[in-house]
Protein chains: 2
Amino acid sequence: MDRASASSETPGPAAQAVVAKRGRGRPRKTLDERDDGNRRVELVRAAGSLFRRKGFAATSTRDIAAAVGMRSGSPFYHFKSKGALLFEVMRQGMEEACRKQAEALQKTEETTPDSRALLAVLIHNHFAILLSRGSDFIPVMLYEWRSLSAAQRKQIALIKDQYEAVWVPVLEGLHRSGQLRCEPKLARLLIFGALNWSAQWFDARRGASLADLAAAATDLFVAKGKAQ
Amino acid sequence: MDRASASSETPGPAAQAVVAKRGRGRPRKTLDERDDGNRRVELVRAAGSLFRRKGFAATSTRDIAAAVGMRSGSPFYHFKSKGALLFEVMRQGMEEACRKQAEALQKTEETTPDSRALLAVLIHNHFAILLSRGSDFIPVMLYEWRSLSAAQRKQIALIKDQYEAVWVPVLEGLHRSGQLRCEPKLARLLIFGALNWSAQWFDARRGASLADLAAAATDLFVAKGKAQ
DNA sequence: CCTACCGATCGGTAGG
DNA sequence: CCTACCGATCGGTAGG
């Protein structure tokens with residue numbers, strides 16, 4: 001995700017010269033042919049989208065290749081296997097989620113020490129990651145956890161645990177104050193289930209906004225009373 | 001699901017005579033060879049288990065055949081396609097879920113008109129269906145909805161809507177009384193997400209019982225106050 | 001990154 | 001319900 005969103009821009013003049021020289025192969029989507037990792041980013045994004053829509057097993061490496069304008073064998077120049085692509089979808093996704101979560105928390109911690117407001121921020125941020133267009137890694141993680149090898153699972157679990165650990169003290173605080181009427185560990189499992197399932201039904205084009213949804217979910221789980 | 005749980009019992013003497021006569025093929029798990037639909041039941045059960053564990057696309061019809069002691073082509077004598085098996089897993093599962101839900105409601109409606117107790121019953125019953133050993137259809141529905149054809153989806157949705165519709169008036173009652181602090185339609189989506197995800201983490205052999213879990217979830221979603 | 005290819009596996013069928 | 005089989009597709013590789 002290093003130079004992520006700049007991926008399919010027009011290339012510099014140097015790259016265009018390269019294209020002019022070796023005219024083999026059929027036209028690409030862009031003139032970009034630099035060997036600098038952009039294609040890796042594109043492949044991960046396309047794989048994430050396809051894995052989400054069709055599932056890991058039902059997605060062929062040919063589908064992924066076609067989605068980025070490559071021939072069938074070429075993804076294996078960038079990734080040693082289909083499974084390595086799946087792993088990278090999840091790893092990059094979770095790592096960015098951790099970064100965004102830390103960012104969101106930092107922004108509020110200065111102004112609001114209230115546990116309920118903190119949970120509201122965590123929930124809003126989670127929805128933002130989960131429901132933003134083009135972000136497919138959480139559904140892929142939910143659906144394709146079993147498609148990882150044991151070693152891959154262990155690595156992803158490490159990042160996931162880090163992401164989820166942040167929620168525990170917040171939920172514990174709300175439990176102590178009586179606003180959360182459920183054991184915090186169990187509450188976290190139930191809440192993540194509730195939030196993540198929204199990827200299946202939330203429609204950004206109609207109904208509530210993301211902020212409305214986050215507020216409603218917060219209201220459902222924790223009482224407003226007894227604010228710190 | 002007509003003669004469901006009687007599926008792998010010992011056959012009557014008539015069936016045994018049949019077995020003695022045509023001695024071809026290798027030994028089955030049981031002597032049962034009656035052509036009366038038992039094998040259909042076994043196939044659906046095995047398919048459900050495999051579809052849940054490995055996913056629809058990653059499960060071969062050979063896997064399913066092997067699980068019930070058949071040869072690779074034989075499932076197609078009972079079902080016209082792999083997709084028809086998936087459909088039957090979901091249809092039978094949802095139909096039994098509806099039956100059990102109606103049963104559970106009937107049992108309480110005489111004694112308890114309280115909305116909160118009603119929701120507690122719905123939640124407990126849902127956990128019982130979701131988490132009982134050998135019941136795989138809800139996870140399969142969650143994971144493999146996309147693997148259904150459009151026509152199949154429509155049929156399953158009909159039964160699913162029927163199952164979920166029961167929850168609406170109960171949630172509306174709790175919303176009116178102020179115990180549910182979230183719009184009922186949205187609450188239902190969030191609650192189902194929370195409940196269903198438990199299929200991934202609930203372990204019957206340790207931790208809370210099914211009843212404890214149901215009570216805790218109910219507490220999380222609806223306040224105890226203002227009964228009636 | 002493409003071409004050309006391989007062995008394996010898959011859903012499904014005919015014919016009994 | 002088995003045997004024997006088919007065409008299609010798949011993940012992955014060698015060699016450039």
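Excluded from the calculations below are hydrogen atoms, water molecules and symmetry mates; all remaining heavy atoms, backbone and side chain alike, are included. The chains referred to below are lettered A, B, ... by the order of the sequence lines, with proteins before strands, and numbering in each begins at 1.
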(message) Output the rounded distance in Å from OH (A:Y77) to C1' (D:dA14).
(response) 15 Å

(request) State the pairing partner of C:dC10; accept Watson-Crick or G-U wobble contacts with both distances under 3.5 Å, and report none otherwise. (result) D:dG7

(request) Provide the closest heavy-atom pair for B:E42 versus B:V68 in the form atom of the first, atom of the second, distance. (result) O-CG1, 3.6 Å

(request) Run the salt-bridge test on A:E96 and A:R99 with the 4.0 Å N-O cut-off and return the result as yes or no. (result) no

(request) Give none if C:dG15 has no partner; otherwise give the nucleotide forming a Watson-Crick or G-U wobble pair with it, both distances under 3.5 Å. (result) D:dC2

(message) For a 4.5 angstrom cut-off between non-hydrogen side-chain atoms, does B:L86 reach B:F51?
(response) yes

For nucleotides 11-13 of chain D, give me every protein contact, N/O to N/O, under 3.5 Å, one pair per line with atom names.
| unit_1 | atom_1 | unit_2 | atom_2 | d |
| --- | --- | --- | --- | --- |
| D:dG11 | OP1 | A:T59 | O | 3.3 |
| D:dG11 | OP1 | A:K82 | NZ | 2.8 |
| D:dG11 | OP2 | A:T61 | N | 2.8 |
| D:dG11 | OP2 | A:T61 | OG1 | 3.0 |
| D:dG11 | N7 | A:R62 | NH1 | 2.7 |
| D:dG11 | O6 | A:R62 | NH2 | 3.2 |
| D:dG12 | OP2 | A:K82 | N | 2.8 |

(request) Using atom types as modelled and distance alone, determine if a side-chain donor or acceptor of A:E144 lies under 3.5 Å from a backbone N or O of A:F56. (result) yes

(request) Using whole Å, report how far CG of A:L43 lies from P of C:dC2. (result) 10 Å

(request) Would you kindly give the CZ-to-P distance between B:R71 and D:dC1, to the nearest whole Å? (result) 13 Å

(message) Rounding to an integer number of Å, can you tell me how far A:I64 CD1 sits from C:dC1 P?
(response) 14 Å

(message) Taking the basic N atoms (NZ, or NE/NH1/NH2) and the acidic carboxylate oxygens, is any pair closer than 4.0 Å for B:E103 and B:K100?
(response) no

(message) With ring pair (Phe, Tyr, Trp, His ring centres under 6.0 Å) as the test, pick out the partner of A:F192 among A:W197, A:F221, A:W167, A:F127.
(response) A:W167

